[in-house]
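This report concerns only the one structure given below.
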Amino acid sequence: MSTFQHIKGTFDILPDAYTIGNTRIAASHEWRHVETVLHEVMTRHNLEEIRTPMLEPTELVARGVGEHTDIVSKEMFAFERRGTNYVLRPEITAPVTRAFLEHHLEQRGGVQKLFYIGPCFRAEQPQKGRYRQFHQFGVEIIGATDPRADAETIATMIAVYRAFGLTGARLRINTLGEPEHRAAFRDALVDYLTPYKDELSETSQRRLDTNPLRLLDTKVEHERALLNDAPTLLDHVDAEALAHYDAVKQLLKSLDIAFEEDPMLVRGLDYYSHTAFELEHDALGAQSALAGGGRYDGLAPALGHDGPLPACGFAAGMERLFLALDAIDYDYPVPETPRVFFAALGEDAEAWVFKTVHDLRQQGIHAAHDLKGRSLKAQMREANRQDAPYTVIIGGNELADGAAQVKTMATGEQTAVSFQDLANYLSTPPAA
RNA sequence: GUGAUCGUAGCUCAGUUGGUUAGAGCGCCAGGUUGUGGUCCUGGAGGCCGAGGGUUCAAAUCCCUCCGGUCACCCCA
């Protein structure tokens, strides 16, 4: 063991899967497979990829996500260097919006449908399904107020999990209305709860001051009872917002997407308005949220954009997705193995093998050989471990004959193949 | 930041009321075959028992402190 180890809340993705705590860390090829499926689903939904830097101006996140959110107030990896304030992005919606505005993507015409995938950073206390460096993928549909944009965002999110055969996720939706609706509701809620302040738990009392809307998902029994008679968000939303919400619900029904309305659903980040939604799964431990999102028409103005810019999207956690896949024992495809392993006996054979392996690789054949000068037995073991369907054995006899011994590992059969025919012979795997 | 819990081989874990030289399975390496894998047999390497201090004739085991991990609260993906 070296004197160094990975930073708290981060993890390495290795060629093989391993476990940390009770959590399985998927192998690198499994990550790649999941990413491939994601790309496929996104492309099918006519989304284009956008990649933005992991480093952003701190001010972008502060303004975009909201000064008084947990993320900004206590969870940012931020630092100053030569007078510039940098932050490792804690989420990707604000950066994408920044890039959209900076590069005038609206000039591409029509509605911009973007997706992203990449690491994010938050300085939280790590636990199952939650890391300081984690990975999000998500969608941003920018430029459309139409409720179909909301519904399509949700449909795309659902399609991702469906593509993995994942069931048992619950979709909850709500409307937050316009920011002023939410503000009015928040005031009404505070007015209602303040007389009961002494009955509230310590954390709920604190929330009453800092983030009253979060009180809505308290788990304390008598607080829930109190909330039954509390004012509701829907009472403070105007007719136009309700019409938008109704349209989204109708569209979801038309797609046979099941959902439950949850008037208590609020989202943590400042930029949301109107549609809000969350996808949950029971199998994830304390972190039940698979993905969440909504409409965020107010974000671009908050970033200094002149005039409104309608947008909606979702963000999903890769680690949460893996957790859900573990729960259903998801069958990952097996990684590609070498087509052929070359075993060499003696220095002349090693030289020939070294050159031949190189040539075959140039021709597109996945070829492997030993780099330790080990015994034939050890090389055969290695060939077996690497699961190559063919093993080629080269020694003095083969060099003299100009023909390789080619062993088909599954059957144990072995035949001589002339050097000239070797590439062609190896170009197809053995018949099953 | 708070709480609970756990640190023994690369991995998963045994280790008795404190008692010789700390074990197993898997994995790794090698041999059993002049140049042949998987199964089988045999052998080997690999441990500051998380660190420091204390109690004791004697500590992986008991006590204290620290460090690290995990899980949970909070919040979120």
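Residue numbers start from 1 in every chain, and the chains themselves are labelled A, B, ... in the order their sequence lines are given, proteins ahead of strands.
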**OP:** Would you classify A/Ala410 as touching base, sugar-phosphate or nothing, given that sugar-phosphate means primed atoms plus P, OP1 and OP2, and contacts are heavy atoms under 4.0 Å?
**Re:** base
**OP:** May I ask you to say what A/Phe314 touches in the nucleic acid, namely base, sugar-phosphate or nothing, with a heavy-atom cut-off under 4.0 Å?
**Re:** nothing
Original post:
Counting only side-chain N and O atoms of A/Gln405, is one of them less than 4.0 Å from OP1 or OP2 of B/U36?
Top reply: no
**OP:** Could you tell me whether A/Tyr18 atom OH has more than 12 heavy atoms of other residues or ligands within 6.0 Å of it?
**Re:** yes
**OP:** Taking only heavy atoms on the protein side, list every residue of residues 6-22 of chain A lying under 4.0 Å from any atom of RNA chain B, sorted numerically.
**Re:** A/Lys8, A/Ile20, A/Gly21
**OP:** Would you kindly give the CD-to-P distance between A/Glu350 and B/G35, to the nearest whole Å?
**Re:** 14 Å
Original post:
A/Gln127 side chain N/O closer than 4.0 Å to the phosphate oxygens (OP1, OP2) of B/C71?
Top reply: no
Subject >> Salt-bridge criterion met for A/Glu261 and A/Lys249 (N-O under 4.0 Å) >> reply: yes
**OP:** For the side chain of A/Ile393, starting at C-beta, report the closest nucleotide among B/G35, B/U2, B/C74.
**Re:** B/G35
Original post:
Got A/Tyr116 and A/Glu49 here, is their nearest side-chain heavy-atom distance under 4.5 Å?
Top reply: no
**OP:** Would you please confirm or rule out a distance under 4.0 Å between OP1 or OP2 of B/U33 and any side-chain N or O of A/Ser375?
**Re:** no
**OP:** Using a heavy-atom cut-off of under 4.0 Å over every strand shown, decide if A/Arg122 touches base, sugar-phosphate, or nothing.
**Re:** base
Original post:
Got a salt bridge between A/Glu48 and A/Lys113, using NZ or NE/NH1/NH2 to carboxylate O under 4.0 Å?
Top reply: no
Original post:
Base, sugar-phosphate, or nothing: which does A/Gln125 touch, judged by heavy atoms less than 4.0 Å apart?
Top reply: base
Original post:
Say you pick atom C1' in B/A59 and the same atom in B/C64; how far apart are they, in whole Å?
Top reply: 15 Å
Subject >> Distance below 4.0 Å between A/Arg374 side-chain N/O and B/G35 OP1 or OP2 >> reply: no
Original post:
In whole angstroms, how far is the P atom of B/C29 from the CD atom of A/Gln379?
Top reply: 13 Å
Subject >> Inter-nucleotide P distance (B/G50, B/C11), Å rounded >> reply: 13 Å
Original post:
With respect to the phosphate group of B/C71, does any side-chain polar atom (N or O) of A/Arg130 fall under 4.0 Å of OP1 or OP2?
Top reply: no
Subject >> Rounded distance in Å between the P positions of B/C57 and B/G46 >> reply: 35 Å
Original post:
For B/G37, does OP1 or OP2 lie under 4.0 Å from any side-chain N or O of A/Lys377?
Top reply: yes
**OP:** Inspect the contact between A/Lys372 and A/Asp370 and indicate whether a charged nitrogen and a carboxylate oxygen are less than 4.0 angstrom apart.
**Re:** no
Subject >> A/Arg381 vs B/A30: side-chain N/O to OP1/OP2 distance below 4.0 Å >> reply: yes
Original post:
Would the number of heavy atoms belonging to other residues, nucleotides or ligands and lying under 6.0 Å from CZ of A/Arg170 be above 12?
Top reply: yes
Original post:
Just how far, in rounded Å, is P of B/U36 from CG of A/Leu345?
Top reply: 9 Å
Original post:
Could A/Arg172 and A/Glu280 be called an ion pair, given the rule that one side-chain N must be under 4.0 Å from one carboxylate O?
Top reply: yes
Subject >> Basic-acidic side-chain contact under 4.0 Å: A/Glu124, A/Arg130 >> reply: yes
